[in-house]
Amino acid sequence: MKKIAIILMLMAGAAHAQDAAPSADPVDHQIVVIGEKLKTWKGGVTKENGRLMCRTKESTGDKQLDAIRCGGMLTCIKPLEPRIDKLMSSDASRLEKRDKFNAMLAGTKPCLDEYEDAAIARLAAERTKS
């Protein structure tokens, strides 16, 4: 089966909870720490054998954080899969495909932000319970 590589480099500076000022609250502090570590993650989504998969190119060094990024990407890109498949199998030039693909992905940022905010908050609360 034809392998269609779909690479999405997440915007380095997710400008939500990660950029908050340090706080005396241990959960808030943990949210900032997690956000800073997530800025180092690089990866993308690829389609192999008909299945969307997340690939980490540069890990945060923390599997739970890497999973947050991949989970968000897979969750938010999955609804676009039929449109992406149609685009990638079209006769459009490589440049046109890239531009149209990037335009599709721009709409996933609110979903990614919402997914990450919730996942980071859960992980921060879990890590401060110890």
Side-chain angles (χ1 to χ4, degrees):
M1 180 170 261
K2 183 178 176 185
K3 177 180 169 184
I4 300 174
I6 303 169
I7 303 298
L8 167 66
M9 299 305 284
L10 284 182
M11 296 114 211
H16 42 290
Q18 290 91 311
D19 294 332
S23 167
D25 180 1
V27 174
D28 288 346
H29 176 72
Q30 191 59 226
I31 288 171
V32 172
V33 169
I34 290 169
E36 286 300 313
K37 286 183 181 178
L38 275 173
K39 289 180 182 180
T40 66
W41 185 91
K42 289 185 177 44
V45 173
T46 182
K47 189 163 187 181
E48 297 175 20
N49 299 318
R51 189 170 156 218
L52 283 178
M53 303 183 70
C54 181
R55 299 281 187 225
T56 297
K57 290 184 176 187
E58 192 172 317
S59 174
T60 61
D62 183 325
K63 289 182 184 219
Q64 288 180 304
L65 301 187
D66 294 349
I68 287 173
R69 269 293 150 84
C70 280
M73 291 175 61
L74 291 171
T75 297
C76 298
I77 292 172
K78 182 73 175 161
L80 298 177
E81 189 174 10
R83 290 177 51 205
I84 293 168
D85 289 346
K86 184 177 179 181
L87 173 64
M88 293 305 170
S89 65
S90 75
D91 291 336
S93 73
R94 186 178 181 107
L95 181 60
E96 285 178 285
K97 287 179 182 180
R98 186 190 71 211
D99 290 346
K100 288 179 180 180
F101 178 71
N102 287 338
M104 274 189 254
L105 293 180
T108 65
K109 182 145 178 35
C111 176
L112 289 167
D113 288 347
E114 185 178 321
Y115 182 99
E116 282 190 18
D117 286 347
I120 291 168
R122 280 190 307 272
L123 184 58
E126 178 184 307
R127 288 185 173 182
T128 56
K129 283 184 181 177
S130 307

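Just so you know, residue 1 is the first one in the sequence shown, and it goes up from there.
Interatomic distance, NZ of Lys42 versus OG1 of Thr56, reported as 12.0 Å (0.5 Å rounding). The CG atom of Leu80 sits 9.0 Å away from atom SG of Cys111, with the distance rounded to the nearest 0.5 Å. Atom CG of residue Leu38 and atom CD1 of residue Ile68 lie 5.5 Å apart, to the nearest 0.5 angstrom. From Leu123, atom CG reaches atom CD1 of Ile31 across 9.5 Å, with rounding to the nearest 0.5 Å. To the nearest 0.5 Å, the span separating CG on Leu105 from CG on Leu112 amounts to 9.0 Å.
Not counting sequence neighbours, the partners of Arg55 by the side chain to side chain donor-acceptor pair (under 3.5 Å) test are Glu48. In this structure Ala92 satisfies the side chain to side chain contact (heavy atoms under 4.5 Å, CB included) test together with Ser90, Glu96, Lys97, sequence neighbours excluded. The side chain to side chain contact (heavy atoms under 4.5 Å, CB included) check on Val33 picks up His29, Gln30, Lys37, with sequence neighbours excluded. Annotation: side chain to side chain donor-acceptor pair (under 3.5 Å) contacts of Asp99 (sequence neighbours excluded): none. Applying the side chain to side chain donor-acceptor pair (under 3.5 Å) criterion to Ser59, with sequence neighbours excluded, gives Asp66.
No side-chain heavy atom of Ile120 sits under 4.5 Å from any side-chain heavy atom of Leu65. Contact of the Lys47 side chain with the Met88 side chain is not registered, since no non-hydrogen atoms from C-beta on lie closer than 4.5 Å. A 4.5 Å side-chain heavy-atom check between Glu36 and Lys39 finds at least one atom pair inside the cut-off. The closest side-chain heavy-atom distance from Arg83 to Leu87 is not below 4.5 Å.
Each of Ile84 and Met53 belongs to its own hydrophobic cluster when Ile, Leu, Val, Met, Phe, Trp and Tyr are linked at side-chain heavy-atom distances under 4.5 angstrom.
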Side-chain donor/acceptor pairs under 3.5 Å, residues 71-78, sequence neighbours excluded:
residue	atom	partner	partner atom	Å
Thr75	OG1	Gly71	O	2.8
Lys78	NZ	Glu81	OE1	2.6

